[in-house]
Amino acid sequence: GCGGDDGGSGSGGGDDKITLGFSQVGAESGWRTANTKSIQEAAAAEGIDLKFSDAQGKQEKQIEAIRSFITQRVDVIAFSPVVESGWDPVLKEAKDAGIPVILTDRAVDSKDTSLYKTFLGSDFVEEGKKAGDWLAKEYQGKSDPVNIVELQGTPGAAPAIDRKTGFEEVIKTDPKFKIVASQTGKFERTSGKQTMETFLQSVKDIDVLYAHNDDMGLGAIEAIEAAGKKPGTDIKIITVDAVKDGMTALSENKINFIVECSPLLGPQLMQLVKKVKNSEEVPTRILTEETTFTPEQAKAALPDRKY
Ligand code: GZL
């Protein structure tokens with residue numbers, strides 16, 4: 001059931017306490033757990049009553065949670081949509097109930113942008129382009145074919161769709177780059193390992209792995225080492241997120257390049273919740289600040305990494 005669900009808002013802390021209903025995707029990756037921690041800590045710091053629900057990766061559970069927040073008459077609803085599509089009906093119910101909605105982390109493909117107040121999160125197409133740009137530089141001036149295998153995130157999820165789009169936009173400019181295999185690893189370490197095992201059996205010579213998140217890249221590293229190959233040397237690896245385990249592998253040259261995707265959205269989200277609760281104007285799109293890391297930069301950054 002919903003974590004932190006103390007039943008009904010307005011109980012205890014007086015009626016000026018804001019109640020936020022948050023529906024989280026699940027706990028599929030290191031990024032996700034860091035994101036959850038950021039949201040829970042920021043709500044506590046701001047004295048916001050957080051009703052938190054973990055959907056275990058199922059859209060119908062997110063829809064259920066949003067319906068329950070509407071019934072409880074929370075002040076604001078926020079969520080990270082596990083997939084892009086299928087949200088209009090429940091978002092219309094929230095709108096009809098007069099409860100404002102904030103999108104965090106992932107976007108929805110609804111045409112009706114009146115269904116939510118703002119979208120706070122990364123530009124995943126840009127993240128894919130940064131990955132492609134690194135690869136283009138790495139193989140600049142070379143003409144031999146470069147065989148790429150791709151571990152995609154959750155099917156239908158905005159980061160999976162957009163990271164693929166951005167990456168392909170860059171590599172399609174040079175015919176030596178070929179994605180010879182591409183399958184989902186569901187953003188999970190175990191599935192990433194299993195899918196990489198099938199790639200290693202079915203693809204003759206793999207030059208590069210592009211994984212849509214660190215966790216799948218880390219699973220792939222286990223498969224690559226089990227096959228007697230050196231990750232980062234025999235097979236170059238690019239991932240996205242820059243969570244601690246990924247940055248550690250990068251600092252050990254098992255990953256070659258990481259595009260950061262910051263999960264620390266909690267503080268910005270709580271500022272938006274307060275504004276939206278008071279019917280203040282907020283920008284319709286707030287972009288997360290983030291960068292990229294090489295092995296050297298990872299070594300320098302690791303000691304201060306919060307996640
Ligand atoms: C990106 C986020 C993705 C991460 C994955 O903002 O939605 O989901 O890249 C996580 O690690 O599972």
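All ligand and atom numbering here is 1-based and tracks the order in the structure. This chain uses plain numbering: 1 for the first residue, then up along the sequence.
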Quiz item: Taking it one step at a time, do Arg67 and Glu64 satisfy salt bridge (Lys or Arg N to Asp or Glu O under 4.0 Å)?
Solution: CA-CA 5 Å; Arg67 288 208 164 104; Glu64 254 168 57; over 6 Å; no
Quiz item: Distance under 6.0 Å and angle within 45° of the ring axis: does Arg163 meet both against Phe167?
Solution: no
Quiz item: Any idea how Phe187 and His212 line up, ring-wise: parallel (<30°), tilted (30 to 60°), or perpendicular (>60°)?
Solution: tilted
Quiz item: Protein residues near ligand 1, heavy-atom distance below 4.0 Å?
Solution: Glu28, Ser29, Trp31, Arg32, Asp105, Arg106, Phe124, Pro159, Arg163, Phe187, Asn213, Asp241, Cys261
Quiz item: Taking atom types as modelled and ignoring hydrogens, do the side chains of Ser29 and Asp215 form a donor-acceptor contact shorter than 3.5 angstrom?
Solution: no
Quiz item: Do Ser122 and Ser262 have side-chain heavy atoms sitting under 4.5 Å apart?
Solution: no
Quiz prompt | Donor-acceptor side-chain pairing of Ser114 and Asp112 below 3.5 angstrom | solution = yes
